[in-house]
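Since the structure comes first, as structure tokens, the remarks are kept for the end.
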Amino acid sequence: MSKNVIREITPLTPNDCFTIFSRTKQEFDFPLHNHEDMELNLVLNAAGAKRIVGDHIAEIEEQELVLVGSNLSHGWFTHNCVSEDIREVTIQFHKDLLDEKFLKRNQLSFIRNMFEQSKRGVLFSKETIERISPRLLALSKKSGFDSILELLSILHDLSISRDTKLLSDSSFTKEDYNYNSRRIEKVFEYMNNNFNRLITLSEVAKIANMPEASFSRFIKKRTGYNFIDSLNEIRLGHVSRMLIDTTQSVAEIAFICGFNNMANFNRTFKSKKGCTPKEFRENYVGKRVFI
């Protein structure tokens, strides 16, 4: 299964707290994928659709709510669903939205435990969905600090809800990569600030104060991706955001985000996201709210 998983580069920037994606549709058309950010997904009117989270596969009921942890493969598929009015609300937020030290406080213990469980995928009960779904549907109408407070309140209420179910087997979903390195953080910060121009391996190796060969092994071990793939992920994240937020041409956006070869850009984009930049823009433009 893992060979068919697309790694999604979400359009969240380091300055965003979360994004809400809401739409009504007649089918599920996004492939099995994973991404660095955490995701809370509400699906309504979709009885008979198939859900895959990690190694867990099931046919869903009329409505469901799932919290998916960082880098956990997941996807919803039309399968036996015949509804022409599927409602989907997806909230994506950085896995470090709440600082690790902050999460260790007693008052955050339930959220901390829920985040830990999300590495396997958390399915919430019907009672919880009925109580929380109106707030999720209304969240995009809030703005600024009020929206942050409401999201935190929703996360807290979910964390103390009863009858949750862990979906994937723990041996399948064990998270292999943990940056936990100031060197990696400095390198990623540098790449995020300079993604629009040529960045070389030699350049970032100096930022990490390591020889090039040693740094290549180091970043691969710490993140699971080599330097070029890591840089491309950052660039594609900015590309995704611009495809959603602007009307600039695909070529202009590619150039602004550091891709100087269109053939290579189109190939890289489709390989990473499972669709062309044009298809991505048509599917997502105007339907996300960034907070």
Side-chain angles (χ1 to χ4, degrees), residues 5 7-21 33-43 51-56 64-76 88-125 127-129 131-133 135-136 139 142 145 147-181 184-185 188 222-224 233 237 290-291:
V5 178
R7 182 165 177 81
E8 181 189 2
I9 297 89
T10 67
L12 278 176
T13 72
N15 294 326
D16 296 317
C17 286
F18 66 94
T19 181
I20 307 171
F21 173 46
H33 63 286
N34 61 34
H35 42 70
E36 191 77 11
D37 301 314
M38 297 182 69
E39 178 174 301
L40 183 61
N41 206 36
L42 172 68
V43 180
R51 178 222 315 124
I52 299 178
V53 174
D55 64 349
H56 186 275
E64 73 164 16
L65 179 63
V66 176
L67 178 63
V68 179
S70 177
N71 295 319
L72 177 60
S73 57
H74 58 283
W76 278 257
E88 185 176 41
V89 178
T90 301
I91 300 174
Q92 293 176 333
F93 55 94
H94 298 294
K95 65 179 182 179
D96 60 354
L97 174 65
L98 300 179
D99 182 79
E100 187 176 349
K101 290 183 179 179
F102 184 49
L103 277 174
K104 289 181 179 179
R105 303 295 193 271
N106 292 335
Q107 292 77 10
L108 278 295
S109 62
F110 290 105
I111 292 181
R112 182 178 69 245
N113 291 337
M114 182 177 70
F115 282 6
E116 184 65 27
Q117 292 175 335
S118 74
K119 295 177 181 179
R120 296 174 58 184
V122 181
L123 175 66
F124 297 96
S125 68
E127 292 74 19
T128 298
I129 296 172
R131 189 174 70 255
I132 297 295
S133 60
R135 296 169 64 188
L136 291 174
L139 184 57
K142 293 183 177 291
F145 192 61
S147 65
I148 303 300
L149 288 178
E150 177 64 0
L151 176 61
L152 292 178
S153 178
I154 288 171
L155 291 175
H156 171 71
D157 288 349
L158 289 175
S159 73
I160 60 175
S161 63
R162 297 182 177 182
D163 301 322
T164 58
K165 178 182 179 181
L166 300 186
L167 296 176
S168 189
D169 185 80
S170 58
S171 62
F172 179 89
T173 60
K174 182 166 59 178
E175 197 169 11
D176 295 323
Y177 306 116
N178 181 10
Y179 296 169
N180 195 27
S181 166
I184 292 294
E185 290 176 1
F188 273 74
R222 289 285 182 155
T223 70
E233 283 212 353
F290 293 92
I291 305 297

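In this text the structure is predicted, and so the values were computed from the model without any measurement.
In this structure His35 satisfies the ring pair (Phe, Tyr, Trp, His ring centres under 6.0 Å) test together with His33, His74, sequence neighbours excluded. Annotation: side-chain contact (heavy atoms from CB on, under 4.5 Å) contacts of Ser109 (sequence neighbours excluded): Arg112. Leu158 meets the side-chain contact (heavy atoms from CB on, under 4.5 Å) test with Leu40, Leu65, Met114, Phe124, Thr128, Ile132, Ile154; sequence neighbours excluded. By the salt bridge (charged side-chain N to carboxylate O under 4.0 Å, His left out) test, Arg131 pairs with no residue at all, sequence neighbours left out. Partners of Leu152 according to the side-chain contact (heavy atoms from CB on, under 4.5 Å) rule, which considers only residues two or more places apart in sequence or in another chain, are Leu98, Ile148. Annotation: salt bridge (charged side-chain N to carboxylate O under 4.0 Å, His left out) contacts of Asp96 (sequence neighbours excluded): none. Every residue two or more places apart in sequence or in another chain that forms a salt bridge (charged side-chain N to carboxylate O under 4.0 Å, His left out) with Glu116 is listed here: Lys119. Take Ser147 and apply the side-chain hydrogen bond (donor to acceptor under 3.5 Å, both in side chains) test, not counting sequence neighbours, and it matches no residue. Listed by chain and residue number, Arg23, Lys25 satisfy the salt bridge (charged side-chain N to carboxylate O under 4.0 Å, His left out) test with Glu88 (two or more places apart in sequence, or in another chain).
Judged purely by atom type and a 3.5 angstrom limit, Arg120 has no side-chain atom pairing as donor or acceptor with the backbone of Leu167. A distance-only check finds a donor-acceptor pair linking the side chain of His94 to the backbone of Thr13 [under 3.5 Å]. Using a distance-only test at 3.5 Å, with no hydrogens or angles considered, a donor-acceptor pair links the side chain of Ser70 to the main chain of Glu36.
Atom OG1 in Thr90 sits 10.5 Å away from atom CG in Leu136 (nearest 0.5 Å). Rounding to the nearest 0.5 Å places NE2 of His156 at 10.5 Å from OG of Ser161.
Residues Phe18 and Leu12 approach most closely at C-CD2, 3.7 Å, considering heavy atoms. Counting all heavy atoms, side chain and backbone alike, Cys17 lies closest to Leu97 at O-CD1, 3.8 Å. Nearest heavy-atom pair, Ser118 versus Leu72, reported as atom, atom and distance to 0.1 Å: O-CD2, 3.6 Å.
Pairs engaging residues 97-106 under the salt bridge (charged side-chain N to carboxylate O under 4.0 Å, His left out) rule: none recorded [sequence neighbours left out]. Residues in residues 147-165 take part in these salt bridge (charged side-chain N to carboxylate O under 4.0 Å, His left out) pairs, two or more places apart or across chains: Arg135-Glu150, Arg135-Asp157.
Checked by atom type, the side-chain pair Ser73/Asn34 shows no donor-acceptor distance below 3.5 Å.
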